[in-house]
Amino acid sequence: MTNSSMMMVLVVVVVILLFKGVQLIPKRWQSMIELIYDHLHSVVKDNLGSEGLRYLPLIVSLFFFIVFLNVLGLFPYVFTPTVHIVVTLGLSFSIIIGVTLAGFWGFKWDFFSVFMPSGAPLGLAPLLVLIETVSYVSRAISLGVRLAANLSAGHLLFAILAGFGFNMLVASGLAGALPLFIMVFITLLEVAVAVIQAYVFCLLATIYLADTIVLH
């Protein structure tokens, strides 16, 4: 049991507790969740069509899972798994491997056509297949690196400004409190980044899932 796995289990428990119960007349929290669900429903339907709505539970679960991992990591002394590239690459490679297996399940050997653009000359086939294969694998790498890099940069900036603000407060008294007020806005920015990066991750995952429905 590692810190990452413990934090992931904790997030799953927190999400289950927060989403427990459904009221006919929603309160503010339930209304916000319904708005997010409706937006993700539109995203999946616009990118995958009605047939792709079977992936909606996966996208919704993935979004809230990453959001809570990111946001809880902003609290002091809380381990943030999503700043570690091993964890994010594990998530991204799991998605790409799942897309590949689902593609083979649905299209059998025709799935290999994604590595060869339609209408391309046969003489360029070896080069094009190599390029498309590298591009296909790079999806998983870019998906995981983007999430880890953005969160790591945000946490590093947060730590630097927090240390600077504390030193200013100790050295200058109340006159040095301005950096601490700036930290409030930096905190809001970090919360926004945490939500946006989770949304981008899920949006790209939705786009990649299109290969399991329609061959390009």
Side-chain angles (χ1 to χ4, degrees), residues 1-21 26-40 43 58-95 140-172 174 176-206:
M1 181 68 72
T2 63
N3 290 335
S4 296
S5 58
M6 290 177 61
M7 191 62 193
M8 291 180 187
V9 172
L10 176 62
V11 165
V12 171
V13 174
V14 169
V15 171
I16 292 175
L17 292 177
L18 289 177
F19 285 73
K20 187 177 181 181
K27 295 182 179 179
R28 293 179 181 178
W29 173 253
Q30 184 175 333
S31 297
M32 184 178 66
I33 299 301
E34 290 179 358
L35 289 174
I36 295 174
Y37 177 88
D38 184 64
H39 178 73
L40 292 176
V43 169
L58 170 65
I59 299 301
V60 173
S61 301
L62 187 64
F63 175 78
F64 284 108
F65 179 69
I66 297 178
V67 162
F68 278 93
L69 281 178
N70 296 345
V71 173
L72 290 178
L74 298 176
F75 288 87
Y77 307 109
V78 176
F79 184 80
T80 312
T82 45
V83 301
H84 295 268
I85 195 169
V86 174
V87 176
T88 56
L89 285 180
L91 290 173
S92 60
F93 270 97
S94 298
I95 292 173
I141 299 175
S142 62
L143 193 61
V145 170
R146 181 185 296 105
L147 179 60
N150 282 284
L151 291 177
S152 298
H155 284 203
L156 182 61
L157 176 64
F158 194 84
I160 292 174
L161 292 179
F164 175 73
F166 179 77
N167 292 333
M168 287 278 293
L169 184 63
V170 172
S172 306
L174 294 177
L178 179 61
L180 295 183
F181 288 108
I182 297 177
M183 287 303 301
V184 175
F185 297 100
I186 296 297
T187 302
L188 296 176
L189 176 63
E190 282 300 301
V191 173
V193 169
V195 177
I196 291 172
Q197 289 304 315
Y199 177 75
V200 170
F201 191 96
C202 293
L203 177 61
L204 292 175
T206 302

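Along the sequence shown, residues carry numbers from 1. Predicted model, so just to flag it, every value in this text is computed and none were measured.
- Every ring pair (Phe, Tyr, Trp, His ring centres under 6.0 Å) that Tyr199 has, sequence neighbours left out, goes to His39.
- Not a single ring pair (Phe, Tyr, Trp, His ring centres under 6.0 Å) links Phe63 to another residue, sequence neighbours left out.
- In this structure Val87 satisfies the side-chain contact (heavy atoms from CB on, under 4.5 Å) test together with Ser4, Met8, Pro81, His84, sequence neighbours excluded.
- With sequence neighbours excluded, the residues satisfying side-chain contact (heavy atoms from CB on, under 4.5 Å) with Leu74 are His155, Glu190, Val191.
- Val15 and Phe68 make their closest contact through CG2-CD1, 3.7 Å (heavy atoms, listed as atom of the first residue, atom of the second, distance).
- Around CE of Met6, the count of heavy atoms belonging to other residues, nucleotides or ligands within 6.0 Å does not exceed 12.
- Taking CG from Leu203 and CG from Leu40, the interatomic distance works out to 9.5 Å, rounded to the nearest 0.5 Å.
- Asp38 contributes no side-chain N or O that, together with a main-chain N or O of Glu34, makes up a donor-acceptor pair within less than 3.5 Å.
- Across all their heavy atoms, Ala205 and Ile95 have their closest contact at CB-CD1, 4.0 Å.
- Phe93 pairs by the ring pair (Phe, Tyr, Trp, His ring centres under 6.0 Å) definition with nothing, not counting sequence neighbours.
- Summarising the geometry, atom CZ belonging to Phe201 is positioned 6.0 Å from atom CG belonging to Leu147; distances are rounded to the nearest 0.5 Å.
- Between Val67 and Gln197, every side-chain heavy-atom pair lies at or beyond the 4.5 Å cut-off.
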Could you go through Leu69 and Thr80, starting from their C-alpha distance and side-chain angles, then the distance that decides it, and tell me whether this counts as side chain to side chain contact (heavy atoms under 4.5 Å, CB included)?
CA-CA 7 Å; Leu69 281 178; Thr80 312; 6.0 Å; no
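- Listed by chain and number, the residues in a side chain to side chain donor-acceptor pair (under 3.5 Å) with Ser5 are Thr2 (sequence neighbours excluded).
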Side chain to side chain contact (heavy atoms under 4.5 Å, CB included) evaluation trace for Ile36 with Phe64:
CA-CA 10 Å; Ile36 295 174; Phe64 284 108; 3.7 Å; yes
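- Note: Leu89 CG to Leu143 CG = 9.0 Å, rounded to the nearest 0.5 Å.
- Applying the side chain to side chain donor-acceptor pair (under 3.5 Å) test to pairs two or more places apart or on separate chains, none has a residue in residues 85-94.
- With sequence neighbours excluded, no residue forms a side-chain contact (heavy atoms from CB on, under 4.5 Å) with Ser61.
- With sequence neighbours left out, the side-chain contact (heavy atoms from CB on, under 4.5 Å) criterion links Phe75 to Leu72, Val78.
- We find the SG-CD1 distance between Cys202 and Ile59 to be 5.5 Å, quoted to the nearest 0.5 Å.
- For residues 69-79, the set of pairs meeting the side chain to side chain donor-acceptor pair (under 3.5 Å) definition, not counting sequence neighbours, comprises Asn70-Thr82.
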